Visitor: 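First the structure, which I've put down as structure tokens, then a few questions once you've had a look.
Letters A, B, ... are given to chains in the order of the sequence lines, protein chains preceding strands, and every chain is numbered from 1. Since this is a predicted model, take the numbers as computed values, not measurements.
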2 protein chains.
Amino acid sequence: MTEAIRAAVFDELAAVGYGRMSIEAVARRAGVGKTAVYRRWPSKLQMVIDVVSDVVGYDVPAPDTGSLRGDVRMILDIAARALRHPLAGQIVPDLLAEAARTPDIARTLERALRDTQRGLGEAIVAAAVTRGEVGPATDAGMALDLALGPLYWHIAVLREPVTKSYLDRLADTVATALAVPRPPRAADEAH
Amino acid sequence: MTEAIRAAVFDELAAVGYGRMSIEAVARRAGVGKTAVYRRWPSKLQMVIDVVSDVVGYDVPAPDTGSLRGDVRMILDIAARALRHPLAGQIVPDLLAEAARTPDIARTLERALRDTQRGLGEAIVAAAVTRGEVGPATDAGMALDLALGPLYWHIAVLREPVTKSYLDRLADTVATALAVPRPPRAADEAH
DNA sequence: GGACGACGAAACGGTTGCGTTCCGTCCTGT
DNA sequence: ACAGGACGGAACGCAACCGTTTCGTCGTCC
């Protein structure tokens, strides 16, 4: 029962988005009376936050492939797989947009994204540091930005297909960029 | 009059999002009767597409600072300035999410983003190639992904402040990553 | 200065969703 | 076998919007 409603929330979110989603429609889709919904959650916002929180409470295992490039490639693969999922691919951008005007949603996504993500980045960079692949001052946050940013941009913004080859090249580039020692600040400030 | 309505569309888009936006609310905000709106556009979708198309018809001049790093930095600055604008920062992610379920919106954004963007990337990379900063096989698409992806990720997804220092480091990293000759494919396939 | 067009305001009937209440049924636990 | 709880369904009054129509008032052009 509760499971049917949770699934219906996802389907409805994907179909019409958070803004247009109505509790009536969720109940209809789940095949339950809306009484059943109101018995569980006091509002649309609370319902969505609860349902979404449940799902994003996954724990991505820190990859350990033995090389920075391999680790980055694995993270890219996991992220790409998630974003390619029809439901997630539709819901994530939607909630992201909604987060800009609903602090509770922003907080939920923040916990989901930033916290789990930060740990991942630090683990990967730390491993690469001990391996001697990158310098000890390497910025883990920047590393993840470099990897996930282009991926998200490609999938969610440009909406172009992401091929294995693209992921390979992206992982290559990111690992290389991080491995290169800080350049001697050639051609500084303005042109 | 028409100008007031256009402005109201933007404000309303930012305030409640495309999904929740109603023509009545737009008319109310613009201080006109909804008759005036319906006289101009047949539907909410057409109205939004028309209004948005008008604005994104800008022409970003191809930067020419004399160095790849400088060109990248300038593009990052322009993009960051645009995304930091309260209206754009709210509206862009919203329309992006809506684009996933409304082909007409997707097409509008595609023209706006991909086409103007592609030209920019190719111009910058071409200039860098003639300067000898990068190899002739450099992928302009990947170059832009590398620059704009992390920026968008940082601003719109992580919602963390983007400092000048961050943009500096990002431009540095991107320029460096592109400048490095393709590595000898060390440690290939799986781990 | 007279005609025409665009305007706002208001109202139309219809739909959808809100959050709540009530009722009759069915399932469960004991 | 019985009691209690959760269920679906229906209806409540209320509000917002839909897209259209009507009407009286301006402003503008010739």
Visitor: Could you tabulate the donor-acceptor pairs under 3.5 Å formed by side-chain atoms of residues 144-153 of chain A, not counting sequence neighbours?
Guide:
from: D145(A); atom 1: OD2; to: H154(B); atom 2: ND1; distance (Å): 2.6
from: D145(A); atom 1: OD2; to: Y166(B); atom 2: OH; distance (Å): 2.5

Visitor: Between residues 1-9 of chain B and DNA chain D, which residues have a heavy-atom gap below 4.0 Å?
Guide: none
Visitor: Taking the basic N atoms (NZ, or NE/NH1/NH2) and the acidic carboxylate oxygens, is any pair closer than 4.0 Å for R107(B) and D104(B)?
Guide: yes
Visitor: Using modelled atom types only, decide if a donor and an acceptor are shared between the side chain of T130(A) and the backbone of A127(A) within a distance under 3.5 Å.
Guide: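 Indeed, once roles are kept as given, a pair shorter than 3.5 Å links the two residues.
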Visitor: For T173(A), does its backbone N or O pair with a side-chain atom of R69(A) as donor and acceptor, under 3.5 Å?
Guide: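 The answer is no, because no donor-acceptor pair under 3.5 Å joins these two groups.
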Visitor: Do other residues, nucleotides or ligands put more than 12 heavy atoms under 6.0 Å from the CE atom of M47(A)?
Guide: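 More than 12 heavy atoms, drawn from other residues, nucleotides or ligands, come within 6.0 Å of this atom.
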Visitor: Taking only residues two or more places apart in sequence, or in another chain, which ones meet F10(A) in a ring pair (Phe, Tyr, Trp, His ring centres under 6.0 Å)?
Guide: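 Once residues adjacent in sequence are excluded, F10(A) has no partner under the ring pair (Phe, Tyr, Trp, His ring centres under 6.0 Å) criterion.
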Visitor: Given axes from five pairs at either end, by how many degrees does the helix from dG1(C)-dC30(D) to dT30(C)-dA1(D) bend, rounded to 10°?
Guide: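 Computed angle between terminal axes is 20°.
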Visitor: Whether the side chain of E12(A) engages the backbone of V26(A) through a donor-acceptor N/O pair (distance < 3.5 Å, no angle test) should be reported.
Guide: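 Judged by distance alone, no pair lies under 3.5 Å.
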Visitor: Could R101(B) and D94(A) be called an ion pair, given the rule that one side-chain N must be under 4.0 Å from one carboxylate O?
Guide: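 D94(A) and R101(B): salt-bridged.
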Visitor: Using only atom types and a distance under 3.5 Å, with no angle test, would you say the side chain of R40(A) pairs donor to acceptor with the backbone of V37(A)?
Guide: no
Visitor: K164(A) versus R73(A): any side-chain heavy-atom pair under 4.5 Å?
Guide: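 A side-chain contact exists here, since the closest heavy-atom pair is under 4.5 Å.
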Visitor: Is there side-chain contact between L45(A) and Y18(A), with at least one heavy-atom pair below 4.5 Å?
Guide: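 Yes, close enough: below the 4.5 Å cut-off.
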Visitor: How would you give the extent of chain A contacts on DNA chain C, as first and last nucleotide 5' to 3' within a 4.0 Å heavy-atom cut-off?
Guide: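 Contacts span dG17(C) to dT21(C), reading 5' to 3'.
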Visitor: I'd like to know if the side chain of T138(B) and the backbone of V134(B) have a donor-acceptor N/O pair within less than 3.5 Å.
Guide: no
Visitor: When you check every protein heavy atom under 4.0 Å of nucleotides 13-28 of chain D, what one-letter string (B, S, -) results, 5' to 3'?
Guide: ----BBBB--------
